[in-house]
Amino acid sequence: QCSVIVHHGGGGTSSQVIRSGTPGVCMPFFLFQNNWGAQLRDIGAGTLVDTKEIRDAWNKNETNLLLDAVEEVMELDVQKAAAELGLKARESRAGGVQFAAKKTIEILQAYQNRVSNLKKDQSAL
């Protein structure tokens, strides 16, 4: 067991971070990998750090931004959000794919509702 998982943001590693219920600090090395870190950050279950910023801060004044990120995700609210997300992912009967599909449908339905409301507002003018 660990309190925080520092990872590169690959799909497989990120899915295991989510399933574990442990907050993640994502340090992406390729373009697509930051998407996972951004998702974790946006739902409050982790954070995303830029490796160049970490290196530059250390070289400039020995500021350890990675340590700052680890301390950030050790906060109780982040630990709780990660634990809740992990529980939901593990409880999903069809596993992570079903969980992701359900969330995608929810997001698309919310978007569709917003578009419908905008159209109604425009027609009322």
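All values reported here derive from a predicted model rather than from experimental measurement. Numbers here simply count residues along the sequence, with the first being 1.
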Tell me whether the count of non-hydrogen atoms from other residues, nucleotides or ligands lying under 6.0 Å of CD in Gln112 goes above 12. no

Does Arg90 use its side chain to pair, donor to acceptor, with the backbone of Arg19 at less than 3.5 Å? yes

Verify same cluster id: Met27, Val17 (apolar side-chain graph, 4.5 Å): no

Can a donor-acceptor pair be found, under 3.5 Å and without considering hydrogens, that links the side chain of Gln79 to the backbone of Val73? yes

Donor-acceptor contact present, side-chain Glu84 to main-chain Ala81, <3.5 Å: no

Backbone of Thr22 reached by a side-chain donor or acceptor of Ser20 within 3.5 Å: yes

How far apart are the closest heavy atoms of Leu67 and Asn64, and which atoms are they? N-OD1, 2.9 Å

Can you tell me how far apart OG1 (Thr13) and CH2 (Trp36) are? Round to the nearest 0.5 Å. 10.5 Å

Between the main-chain N or O of Gly12 and the side-chain N or O of Ser15, is there a donor-acceptor pair closer than 3.5 Å? yes

Which atom of Ser3 lies closest to which atom of Pro23, heavy atoms considered: O-CD, 3.4 Å

Donor-acceptor check, side chain of Gln33 to backbone of Phe29, threshold 3.5 angstrom: yes or no? yes

Side-chain donor/acceptor of Ser14 to backbone N/O of Gly11, under 3.5 Å: no

Nearest 0.5 angstrom please: Ile43 CD1 to Ile18 CD1, how far? 6.0 Å

When rounded to the nearest 0.5 angstrom, what is the spacing between CG in Asn34 and CG in Leu48? 6.0 Å

Can Val70 be reached from Leu40 by stepping across I, L, V, M, F, W or Y side chains whose heavy atoms are under 4.5 Å apart? no

